[in-house]
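The structure appears below as structure tokens.
Basis for what follows: all heavy atoms, side chains included, without hydrogens, waters or symmetry-related copies. Just so it is clear: chains get the letters A, B, ... in the order the sequence lines come, proteins before strands, and each one is counted from 1.
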Amino acid sequence: MRTSWADSVANSPSETAVSNNNSVPRPTQSTYVPPHLRSNSAADTPTPAGPPTARPSFSGNTGGSRWGGGGGARPESGRQGQGNGYAAAGRDGGSSGRNNRSGGWDRREREVNPFVNDDKVDEVKQGFREHENTVINFDAYEDIPVEISGENVPPPVNTFAEIDLGEMMNQNIRRCKYVKPTPVQRYAIPIALAGRDLMACAQTGSGKTAAFCFPIITGIMRDQYIQRSRGGRTVYPLGLILSPTRELSCQIHDEAKKFSYQTGVKVVVAYGGASINQQLRELERGVDILVATPGRLVDLLERARVSLQAIRYLALDEADRMLDMGFEPQIRKIVEQMDMPNRGVRQTMLFSATFPREIQRLASDFLSNYIFLAVGRVGSSTDLIVQRVEFVPESDKRSHLMDLLHAQRENGEHGKQALTLVFVETKKGADSLEHWLCINGFPSTTIHGDRSQQERELALRSFKSGKTPILVATDVAARGLDIPHVAHVVNFDLPNDIDDYVHRIGRTGRAGKSGLATAFFNDSNLSLARPLAELMHEANQEVPQWLTHYASRAPYGGNKNRRSGGRFGGCDFRREESFGKNLDYYGGGNGGTAFGVPADYGGGYAPGITSAWD
DNA sequence: AAAAAAT
């Protein structure tokens with residue numbers, strides 16, 4: 001094995017030594033000011049509200065307003081329409097409109113420094129032995145395979161400096177301690193900044209959130225200011241980010257707050273299970289980017305408290321989940337049947353680690369002349385996660401888990417065990433396993449959809465902090481959640497779909513650390529035998545002989561379509577279809593697609609510096 | 001069949 005930045009990161013004692021000079025709270029302006037006017041002293045003199053250069057159609061059903069040129073290319077002329085009275089647009093009736101940074105501080109609007117808690121996080125980190133689950137991971141990015149298809153693909157960048165994200169964004173990138181863009185960021189950010197639609201497959205934990213947030217925030221800052229409607233209490237966000245779970249929406253919101261700190265771009269989150277009134281109040285204070293789960297958003301749309309007329313940027317995280325059977329109708333309603341601008345008018349970006357072909361076909365309804373990007377990551381389902389499969393009959397699962405946990409506890413220092421995430425199939429199963437673990441001396445908690453949102457968030461905090469180092473979860477926790485220090489993922493019950501397995505094990509092995517994934521396999525998982533054996537084989541994992549045996553006898557199954565699990569989360573179905581039927585799910589043949597373009601990633605992280613993982 | 005997502 002070679003060595004890489006991941007080692008220097010994990011082994012560095014200086015991680016907390018990075019200076020954090022943003023502890024001074026800075027007040028922000030009292031009334032809502034369009035982003036491009038903020039941090040711009042020239043905006044001091046409000047000019048009378050001029051006619052907006054473009055307006056949404058208030059008939060509400062054309063949905064095709066062309067904002068500032070439309071098509072896809074975003075206008076660069078960001079300074080027009082300065083001070084045209086946005087602040088008077090209906091909110092904060094009490095305070096007079098002050099469209100600039102120098103006037104009108106108001107405590108209520110003070111922007112909380114989103115970085116202050118990072119110090120605490122670092123303290124927690126010290127509690128975990130950083131090196132414990134780190135194995136050598138050499139030059140992890142030297143040979144990242146990349147597939148790109150589409151017309152006129154913008155070239156990738158090697159540094160954040162090459163892309164002009166603006167000084168405020170650059171500061172935030174430094175505050176996040178990112179030095180270099182991750183592979184998916186290197187490719188996706190230029191594509192997004194060029195205004196192109198994008199379907200991006202990138203491994204779990206590869207920095208997808210920043211990949212779509214940076215261009216949206218930058219775009220909103222530089223876009224021509226367009227006056228939004230004053231229709232009652234309705235708000236008109238410019239960017240919309242949808243995700244399949246409440247916790248993931250929260251996480252994206254937290255990240256986006258950091259990226260947008262002091263840029264003037266306001267990010268608000270809305271999701272179910274929490275007070276809608278509080279969310280409404282947040283929205284009324286102004287929103288540029290709305291992060292939401294589908295159910296709550298539909299509610300807000302039906303109450304006419306949110307309108308999508310002004311949306312220019314739409315991002316779907318975990319896009320394949322968002323378009324599967326459970327979610328598709330809601331997503332279609334939001335994207336196609338409300339007042340969102342049409343594809344081609346807005347810019348649409350879909351991100352996921354997995355992209356089944358069927359879902360790609362559905363997704364193409366939402367996209368216009370899009371670029372398909374698949375960036376493999378050394379890690380996740382490949383090198384960084386050690387995958388084990390054990391044959392465990394249903395009745396032995398609990399005692400088998402207990403054996404694993406005891407062994408793990410003995411290996412730990414000071415009785416402190418690394419975090420273990422246990423996936424089960426059902427909500428009831430989660431509760432009962434958690435209870436059983438607790439009474440057997442393993443402090444555990446559980447997260448699933450039958451728990452209140454308060455309980456869910458408490459469980460997550462308690463797990464992250466190490467207070468209950470075991471979390472029993474349903475698939476609600478399978479996707480996207482970034483929980484540092486998860487050393488072990490146990491598939492107590494295996495999922496029926498190999499893509500779900502990929503997402504679940506992706507909860508470990510994050511940010512360059514290694515991880516262990518153990519699966520309990522038995523006769524009820526036969527349909528998964530074949531895709532699982534193949535996935536493990538492709539990831540250079542040891543495949544037990546009995547599994548190979550099952551795989552050779554089992555029919556195809558465990559996946560909505562056989563190629564989705566492919567090497568790097570999938571190929572562009574547009575290319576695949578041009579090859580005709582291509583059924584070599586196995587054998588790593590790649591169906592003749594253009595994998596293997598070296599990403600030419602320089603590595604070279606300084607000790608104590610992390611990259612822009614998501 | 002289950003999970004998630006609005007009240």
Side-chain angles (χ1 to χ4, degrees), chain A residues 240-253 268-280 282-283 290-306 308 316-335 337-338 352 354 356 359 394 421-434 446-457 459-460 471-481 491-504 507 520 522-528 557-560:
Chain A
L240 177 63
I241 300 171
L242 293 173
S243 94
T245 66
R246 297 163 180 177
E247 286 78 11
L248 188 51
S249 281
C250 284
Q251 182 181 301
I252 295 166
H253 173 247
V268 176
V269 67
Y271 54 88
S275 156
I276 196 168
N277 286 326
Q278 199 175 326
Q279 291 172 6
L280 287 170
E282 284 299 318
L283 288 168
L290 178 58
V291 184
T293 49
R296 178 55 60 91
L297 177 60
V298 167
D299 189 0
L300 292 167
L301 292 168
E302 284 172 350
R303 293 175 189 224
R305 296 300 295 263
V306 170
L308 302 177
L316 302 193
D317 200 10
E318 307 297 340
D320 60 331
R321 166 64 87 224
M322 303 300 283
L323 293 170
D324 79 7
M325 289 204 312
F327 272 122
E328 199 216 347
Q330 268 179 310
I331 300 300
R332 279 203 187 276
K333 176 164 188 173
I334 292 165
V335 178
Q337 290 153 35
M338 303 304 288
S352 183
T354 52
I359 301 288
E394 209 60 39
L421 181 49
V422 182
F423 281 103
V424 296
E425 197 59 23
T426 65
K427 294 178 278 198
K428 276 177 71 174
D431 279 335
S432 92
L433 182 59
E434 180 241 13
T446 181
I447 186 167
H448 59 70
D450 272 356
R451 303 200 81 195
S452 73
Q453 192 55 27
Q454 212 175 9
E455 290 172 320
R456 285 164 60 158
E457 282 165 25
L460 209 49
L471 178 65
V472 184
T474 60
D475 268 330
V476 70
R479 283 169 174 261
L481 290 190
N491 274 291
F492 189 89
D493 300 319
L494 272 163
N496 293 318
D497 190 292
I498 192 67
D499 286 349
D500 293 331
Y501 173 85
V502 170
H503 285 274
R504 285 179 177 189
R507 296 316 99 211
F520 296 174
N522 62 37
D523 289 339
S524 53
N525 310 115
L526 293 184
S527 69
L528 205 64
N559 199 285
K560 295 163 219 108

Just wondering, do L528(A) and I498(A) contact through their side chains at under 4.5 Å, heavy atoms?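 In contact.
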From the candidates dA6(B), dA5(B), dA2(B), the one with an atom nearest any side-chain atom of E247(A) is dA5(B)
Side-chain atoms of T426(A) come closest, of dA2(B), dA4(B), dA6(B), to dA2(B)
Base, sugar-phosphate or nothing for G326(A)? Non-hydrogen atoms, less than 4.0 Å.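 Counting heavy atoms under 4.0 Å across all strands, the contact made by G326(A) includes a base.
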Looking at every strand, decide which applies to R303(A) at a 4.0 Å heavy-atom threshold: base, sugar-phosphate, or nothing.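 Touches nothing.
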May I ask you to check whether D475(A) and H503(A) show a side-chain donor-acceptor distance below 3.5 Å? no
Judged by modelled atom types alone, do Q251(A) and E247(A) share a side-chain donor-acceptor pair under 3.5 Å? no
Between [X] and [N], is there a contact of a side-chain N or O with OP1 or OP2 at under 4.0 Å?
X	N	answer
R321(A)	dA3(B)	no
T474(A)	dA2(B)	no
K427(A)	dA4(B)	yes
R456(A)	dA5(B)	yes

Where is the tightest heavy-atom contact between A477(A) and I447(A), given as atom of each residue plus distance?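 Residues A477(A) and I447(A), closest heavy atoms: CB-CG2, 4.1 Å.
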Of all heavy-atom pairs between I331(A) and L242(A), which one has the smallest distance, and what is that distance?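 Distance-wise, the nearest heavy atoms are CD1-CD1, 4.1 Å.
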Please state how far atom [atom1] in [X] lies from atom [atom2] in [N], giving the value in whole angstrom units.
X	N	atom1	atom2	result
D475(A)	dA1(B)	CG	P	17 Å
Q330(A)	dA4(B)	CD	C1'	9 Å
Q453(A)	dA4(B)	CD	P	11 Å
D450(A)	dA3(B)	CG	P	7 Å
Q279(A)	dA5(B)	CD	P	13 Å
H448(A)	dA4(B)	NE2	C1'	13 Å
D497(A)	dA4(B)	CG	P	16 Å
D317(A)	dA5(B)	CG	P	15 Å

Donor-acceptor pair under 3.5 Å, N496(A) side chain vs dA2(B) base: no
